[in-house]
Every structure is written in structure tokens, then in C-alpha cells.
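Side chains are part of it too, since the values below use all heavy atoms of this structure and drop only hydrogens, waters and symmetry mates. We name chains A, B, ... by the order of the sequence lines, and we start the count at 1 in each one.
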Amino acid sequence: MKSEPESFSFDDLKKAQNQTTPWDGVRNYQARNFMKNDMQIGDMVLFYHSNCKVPGGIGLALVASKPYPDFTQFDKISKYFDPKSDKDNPRWYLVDVKYLMDFPEIVSLSSIKTNENLNGMLLVKKGMRLSIQPVNREEFEEIIRMAGLNLNQVMKRYDEVKKSI
DNA sequence: GCCAACGTTGGC
DNA sequence: GCCAACGTTGGC
């Protein structure tokens, strides 16, 4: 899941109440569908910083709720207000995201691009600017390794945090 | 349903 | 700040 650190950074997530935040404001149907149709509580999230000095993976989070309607679509003073959305049939959905752990090393976009094991990642495909993208297990484990973590460390922390959801 | 015009994303 | 590559809008 991508975010622009200027508007909401990984550090902001870490400091948020219960280290959890609703992933509001997604207004792209494909990205919405990933949240609405494919995400489940406990799914691992690669947190990515875009539109910044060093774009790349910065840490891990996890999906902390089932999908539910994005409340900002009904909020007239929100910049995400959608006058065409119907309360009985909301157009936009989101999930809550909870902080898991920092990457010891940022996994930069440029290092992802030069890693041949990650040639298949959607992120490195031409013109790919979707803010939410699926990542497969092999890609995920490669990113973890590049970040300076091993899977045992990650899973230990994962089990702790998952219990707290 | 087509497509031009416009807005947004996001790396560089 | 630039601009390529998308996605969306809305007239027809």
C-alpha cells in the first residue's frame, strides 16, 4: 500500500492511536476492489512511500479490519466527499491498517528495479501507479530479505500484533 | 459507445 | 518543476 509521507507517513501510522488508521480516500476502483474483495484481517501489508526523496518500502503493517464503507465519501467538508455515492450503496470501501514493524533498511524502488527476482512485481511495470497492489509470497519474502529481516523475526512480531486486533 | 479534454500520479 | 502514463468526465 502506497502513501505519500508528506500527507501520511509510516511514522504517522506508528504514532496513531492503537497504531491503527483507516485507509480512507482511495478513489480508484481497482485499488478499492483489492480492499473490498481481496483483503482479510491479518493480511500482511508492505508499506510504501511514494512521491518522496527515496521512494520505496519502509516497513510492514497488517490489515486490521474487514472492509467497510469509507466514511469520508459522505463527509461534505472532506476533500474525498463523493456527492454521487449513495448511503444505501456506498461506492468506496476501506480497511483499517495497523503498524507492524520498521524495515532496518529501506527497500528503495531503484533496488527493487535492479533485482531480477522482482522483475514480475506490478510496481516495476511501466506506468504502474496503482496505490494498492497485490504482492505474491516470493516477492514478499525477497523484499523482507532486502530489508534486512528474516521471516522468523517477522512472524514472531506478526503473531503478537495479530492477537491485539 | 467513442474519444477529446482534463485531472492525477509519481518518478526523475 | 517536468512530463509520461494513466484514469475519469462528459458531450455527442
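- Mapping heavy-atom proximity under 4.0 Å, the span of DNA chain C touched by chain A runs 5' to 3' from C:dA5 to C:dG10.
- For the segment residues 73-90 of chain A, residues with any heavy atom less than 4.0 angstrom from an atom of DNA chain C are, sorted by number, A:K84.
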Kindly list each side-chain donor-acceptor pair under 3.5 angstrom involving residues 19-26 of chain A, sequence neighbours excluded, with atom names and distances?
residue: A:Q19; atom: NE2; partner: A:K14; partner atom: O; Å: 3.0
residue: A:T20; atom: OG1; partner: A:N18; partner atom: O; Å: 2.7

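- In this view, A:D38 satisfies the salt bridge (charged side-chain N to carboxylate O under 4.0 Å, His left out) rule with no residue, not counting sequence neighbours.
- Listed by first then second residue, pairs satisfying ring-ring contact (aromatic ring centres under 6.0 Å, His included) with a partner in residues 95-120 of chain A read A:F10-A:Y99, not counting sequence neighbours.
- A:T72 is linked by a side-chain hydrogen bond (donor to acceptor under 3.5 Å, both in side chains) to A:R27, A:D70, counting only residues two or more places apart in sequence or in another chain.
- Annotation: side chain to side chain donor-acceptor pair (under 3.5 Å) contacts involving residues 156-165 of chain A, sequence neighbours excluded, comprise A:K98-A:S164.
- The side-chain hydrogen bond (donor to acceptor under 3.5 Å, both in side chains) test applied to A:Y68 returns A:D96, not counting sequence neighbours.
- For DNA chain C, the neighbouring residues in residues 113-128 of chain A, judged by any heavy atom under 4.0 Å, are A:K126, A:G127.
- A:F74 belongs to no multi-residue hydrophobic cluster, having no ILVMFWY side-chain contact under 4.5 Å with any other such residue.
- For the side chain to side chain contact (heavy atoms under 4.5 Å, CB included) test, no residue two or more places apart in sequence or in another chain qualifies with A:E105.
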Quick one: side chains of residues 115-130 of chain A, donor-acceptor pairs under 3.5 Å with protein atoms, not counting sequence neighbours, listed by atom name and distance.
residue: A:N115; atom: OD1; partner: A:N117; partner atom: N; Å: 2.8
residue: A:N115; atom: ND2; partner: A:E142; partner atom: OE2; Å: 2.8
residue: A:N117; atom: ND2; partner: A:E142; partner atom: OE2; Å: 3.3
residue: A:N119; atom: ND2; partner: A:E116; partner atom: O; Å: 3.4

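- Residues A:R129 and A:N51 both approach DNA chain C. Their nearest nucleotides, taken by heavy-atom distance, put A:N51 toward the 5′ side.
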